[in-house]
Amino acid sequence: MQRLYDFLRRHPAWVDGFWAVVLFGLSCVSVTNLHGARNHHGSLPVGLAVSVVLGVVVALRRRMPEKMLLVAAAMGVAQLVLDQEAIIADFAMLVIIYTVAADGARWASRVGLAAGLVAGTVAQLRWPEEQTSVLGNIAIAVFKTVPFALAWVLGDSLRTRRAYLAQLEERAARLEKEREAQSKVAVAAERARIARELHDVVAHNVSVMVVQADGAAYVLDTAPDQAKKALETISGTGRQALAEMRRLLGVLRTGEHKEAGEYVPQPDVEQIDELVEQCRSAGLPVDFKVEGTPRPLPSGVELTAYRIVQEALTNTRKHGGPNTGASVRLVYFDDGLGLLVEDDGKGAPHELYEEGGADGQGHGLIGMRERVGMVGGTLDAGPRPGGGFRISALLPLKPAH
């Protein structure tokens, strides 16, 4: 039974053909029985011919609804002209009006509605009930018009429902595309964040390792203890860099189980002190002060503060030149966290690591501004009066709306 149902759903023409045969058979029986009856208008050949044509209308209503509507209308006019009273096959007119209202062109739907509204009245005028009053004939005409109006309303309702469902499907498809686009944007943003993180990690730690390696090579023969200390610093810095890189690259892995302790936590403001000590051990004098009352901060603010200090000190080592000193100020306000990193470097001009710098170092300050912007803060970076460079940032404790 299910197979038959599925077959008929896939082949609606077979269903129409079946009902066309049934309608034709019933109409032929009715026309034959009524032929020769008293007060009956019409002839047997005309009735059979109309039954055949209207059966074809039902069979082909889905394939060519507009043409079948015109054929049905022509049959109605022929019945009026040839004095063929309404027969069972005229039910096909209801069917074709429903079909054009549901699936046909708009003009065909309007024509079908107009034809249906006048069909009952015209038929009653052509073949009035002789034993009925004028009001009675009017009532019969209205009664005959109602089925045509209902057929059109049902068809038009089906058309409206299909259009609504199609609109919902289109909206769902559009939302799905928007979700995919948002996912791609999120992926791009995450990759940019990882790139910034890797830039900060690699630039800082590798610069420390290079400085320590140069110092170890310089004092290797004359001061082995200092060389050993420098190598230990290189080893510790390398492990720290690997741990942070492992954490960052871990987010790119899919389908792998994270082992406990594999990824280190995000850096915070408490680790700025360790960062300063690392720079001091690398030969960069850094004056570090904390003002205000330290308190827990949002993780995004803490990571941003740490990365700004890390990038600023890295740039100082790269571009400050010999005998350069730096200072770091961390200020806790009621509604934010202030950062001030300055150096008195007189080496390579700091414009080299401004945005668009000649050697591509501009990504450092670009990354700083992007980080600060993500937490709703402000950043000011530029040369100091009298030489050196200053980076000032204000990070609000609540994101900007």
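The first residue in the sequence is number 1, and the count goes up from there. Computed from a predicted model, the values in this text were never measured in an experiment.
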- Message: So V269 and Y306, do their side chains get closer than 4.5 Å, heavy atoms only?
- Response: no

- Query: Does the distance from a Lys or Arg side-chain N to an Asp or Glu carboxylate O, for D103 and R62, drop under 4.0 Å?
  - Reply: no

- Query: For W127, does the CH2 atom sit with more than 12 other heavy atoms under 6.0 Å from it, leaving out its own atoms?
  - Reply: yes

- Task: Output, in order, the C-alpha distance, side-chain angles, deciding distance and verdict of side chain to side chain contact (heavy atoms under 4.5 Å, CB included) for T160 and Y164.
- Result: CA-CA 6 Å; T160 302; Y164 176 70; 5.6 Å; no

- Would you say the side-chain atoms of D380 pair up with the backbone N or O of S392, donor to acceptor, closer than 3.5 Å? no

- Looking at L340 and R390, what are the two nearest heavy atoms and their distance? CD1-CG, 3.6 Å

- Query: Can you check whether L48 reaches C28 side chain to side chain, under 4.5 Å on heavy atoms?
  - Reply: yes

- Output for pair (D343 CG, L284 CG), nearest 0.5 Å, gives 8.0 Å

- Message: Among R106, R110, R161, which residue satisfies the salt bridge (charged side-chain N to carboxylate O under 4.0 Å, His left out) criterion with D156?
- Response: R106

- So, the side chain of D273 versus the backbone of V276: is there a donor-acceptor pair under 3.5 Å, distance only? no

- Starting at OG1 of T316, measure out to CG of D344 and round the result to the nearest 0.5 Å. 9.0 Å

- Spatial distance of atom OG1 (T145) from atom CD1 (I140) [nearest 0.5 Å]: 11.5 Å

- Query: Would you say F91 has more than 12 foreign heavy atoms packed within less than 6.0 Å of its CZ?
  - Reply: no

- Q182-R179 side chain donor-acceptor pair, cut-off 3.5 Å: no

- Note on the structure: Heavy atoms of S51 and I87 approach each other most closely as OG-CD1, 3.6 Å

- Item | Residue pair L330 / F288: nearest heavy atoms and the distance that separates them | CB-CE1, 4.3 Å

- Begin with the C-alpha distance, continue with both residues' side-chain angles, and end with the deciding distance and a verdict on side chain to side chain contact (heavy atoms under 4.5 Å, CB included) for V328 and V341. CA-CA 5 Å; V328 177; V341 184; 4.3 Å; yes

- Does N137 use its side chain to pair, donor to acceptor, with the backbone of E129 at less than 3.5 Å? yes

- Task: To the nearest 0.5 Å, tell me how far M64 CE sits from L69 CG.
- Result: 13.5 Å

- Message: Between W152 (side chain only) and S109 (backbone N and O only), is there a donor and an acceptor less than 3.5 Å apart?
- Response: yes

- Find the distance between CG (L60) and OG1 (T99) and round it off to the nearest 0.5 Å. 11.5 Å

- Item | Interatomic distance, L113 atom CG to L117 atom CG [nearest 0.5 angstrom] | 4.5 Å

- Message: If you count heavy atoms of other groups shown closer than 6.0 angstrom to CD of Q167, is the number above 12?
- Response: no

- Message: Minimum heavy-atom separation for L26 and I88, please, with both atom names.
- Response: O-CD1, 3.8 Å

- Item | Stepwise side chain to side chain contact (heavy atoms under 4.5 Å, CB included) check, K177 with R174 | CA-CA 5 Å; K177 292 181 179 179; R174 185 173 65 254; 5.7 Å; no

- Message: For the backbone of V118 and the side chain of T121, can you confirm whether one donor and one acceptor N or O come within less than 3.5 Å of each other?
- Response: no

- Message: A side-chain contact here means heavy atoms from C-beta on lying under 4.5 Å apart; do F24 and V52 qualify?
- Response: yes

- Message: Does atom CD (E176) have a neighbourhood of more than 12 heavy atoms from anything else shown, all under 6.0 Å?
- Response: yes

- Residue pair I391, E311: steps toward the side chain to side chain contact (heavy atoms under 4.5 Å, CB included) verdict: CA-CA 10 Å; I391 293 177; E311 177 66 22; over 6 Å; no

- Message: Taking the basic N atoms (NZ, or NE/NH1/NH2) and the acidic carboxylate oxygens, is any pair closer than 4.0 Å for D287 and R280?
- Response: no

- Query: Is it true that D83 and R126 have a side-chain N and a carboxylate O under 4.0 angstrom from each other?
  - Reply: yes

- Give the minimum heavy-atom separation between A59 and D16, together with the two atoms involved. O-CB, 3.7 Å

- Task: Might you confirm whether atom CZ of R384 has over 12 heavy atoms from other residues, nucleotides or ligands at distances under 6.0 Å?
- Result: yes

- Of all heavy-atom pairs between V100 and R159, which one has the smallest distance, and what is that distance? O-NH2, 3.0 Å

